Amino acid sequence: MKKAFLIIIIFSIFTSCKTRKADTSLKLNNPIITDKYTADAAAIVHNNKVYLYAGHDQAPDDVNAYRMHEWLVYSSSDMIHWKEHPVPLKPTDFKWASGDAWAAQVIERNGKFYWYVTVTHGSIHGKAIGVAVSDSPTGPFVDALGKAIITNDMTTQTKISWDDIDPTVIVDDDGQAYLFWGNTLCKYAKLKENMIELDGPIKTIDLPNFTEAPWIHKKGDWYYLSYAFQFPEKIAYAMSKSVTGPWEFKGILNEVAGNSNTNHQAIINFKGKDYFIYHNGSIPTNGGSFRRSVCVDRLYYNPDGTMKRVIMTSEGIQE
Ligand code: FUB
């Protein structure tokens with residue numbers, strides 16, 4: 001009788017431990033989107049919401065190459081719950097383009113939303129940058145210029161045809177806007193106030209091991225130029241007191257992201273907190289370098305303005 005009682009007690013302790021384990025409240029919020037493969041995120045804050053723009057990785061499981069036919073837009077009020085909006089833009093919306101929804105960035109100016117995109121040009125060899133415009137952060141967006149703002153033949157420093165990719169834009173405090181972009185070499189140029197024409201020569205910036213994916217942002221008195229460093233990509237960054245440099249290299253900000261040879265970051269401040277947005281290849285079974293997934297983790301600055309190394313997590317943003 002005593003023995004049976006003991007067995008019942010041990011059994012109930014064992015099952016309650018098991019139940020407690022299964023009842024875990026741990027929420028894994030990265031990647032933030034799991035029903036589609038998403039990459040090359042860019043984000044803006046508008047009216048207390050974050051709008052996140054991403055390329056849609058659509059490569060079938062047996063294809064190891066980029067297959068990207070549209071960009072996607074999501075919004076969130078808390079960086080945890082994301083609402084998908086209808087597809088706002090495709091390379092086919094640019095009559096002069098032949099495809100490839102590569103990295104892009106949206107910026108707001110005077111109530112209009114300008115979306116700078118990488119596509120393949122239909123008649124000029126190589127990648128090109130186009131710009132679309134909308135009155136709303138979720139679109140519909142239309143081609144703002146009717147032609148590319150940057151084409152491969154406008155830059156001749158490198159022989160590759162994909163050196164004019166990955167646009168990022170900032171409007172400086174004095175109202176002057178700048179477009180940065182590049183692969184292998186980081187380039188920049190002033191934009192006219194209309195945001196759709198260059199306003200001066202194309203210049204280059206010397207950054208160690210620059211691969212691609214520049215992202216320009218300002219916090220306090222500092223300008224930050226983060227970018228994909230080496231390959232497989234880490235994210236590194238440089239700082240300056242002026243948007244035109246000189247830039248001081250500050251080292252690695254984010255390590256190689258799991259199961260992806262690209263990393264492509266965006267950096268925002270939302271409701272007083274800083275966020276680092278990137279992609280990895282972590283969706284089980286078929287995730288990888290051509291089926292990527294956008295993730296978000298917190299970003300922290302040191303008192304001297306430098307950025308602390310990002311800690312990539314599966315938990316992501318919890319509150
Ligand atoms: O998604 C295609 C290309 O891969 C992007 O333009 C680069 O930044 C890299 O992420």
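Just so it is clear, the structure is predicted and the values come from calculations on it, not from any experiment. Atom set for the values below is all heavy atoms of this structure, side chains included, hydrogens, waters and symmetry mates excluded. Both counts, for ligands and for their atoms, begin at 1 and track the order of listing.
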* Aromatic plane relationship, F141 with Y53 - under 30° parallel, 30 to 60° tilted, over 60° perpendicular ->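 The arrangement is perpendicular - the two ring planes meet at more than 60°.
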* Over 60° means perpendicular and under 30° means parallel, so classify the ring planes of F249 and Y227, tilted if in between. =>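 Tilted: the ring planes of Y227 and F249 meet at 30° to 60°.
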* Asked: Looking at H121 versus W96, is the centre-to-centre ring distance below 6.0 Å?
  ->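 Close enough - the centres of the two rings lie under 6.0 Å apart.
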* **Counterpart residues, side-chain contact (heavy atoms from CB on, under 4.5 Å), relative to E248 (two or more places apart)** =>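 With sequence neighbours excluded, E248 shows a side-chain contact (heavy atoms from CB on, under 4.5 Å) to K250, given in chain and number order.
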* With a 4.0 angstrom cut-off on heavy atoms, strictly below it, pick out the residues next to ligand 1 and order them by chain and number. =>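 Only D40, Y66, M68, W102, A103, D166, E212, T262, H264, H279, R292 have heavy atoms that fall under 4.0 Å of ligand 1, ordered by chain and number.
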* Ion pair present between K127 and D164, side-chain N to carboxylate O less than 4.0 angstrom? ->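 Salt bridge flag = no for D164 with K127.
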* To do: Considering only NZ, NE, NH1 and NH2 on the basic side and carboxylate oxygens on the acidic side, decide whether R67 and D100 come within less than 4.0 Å.
  =>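 Looking at R67 and D100, the cut-off is not met.
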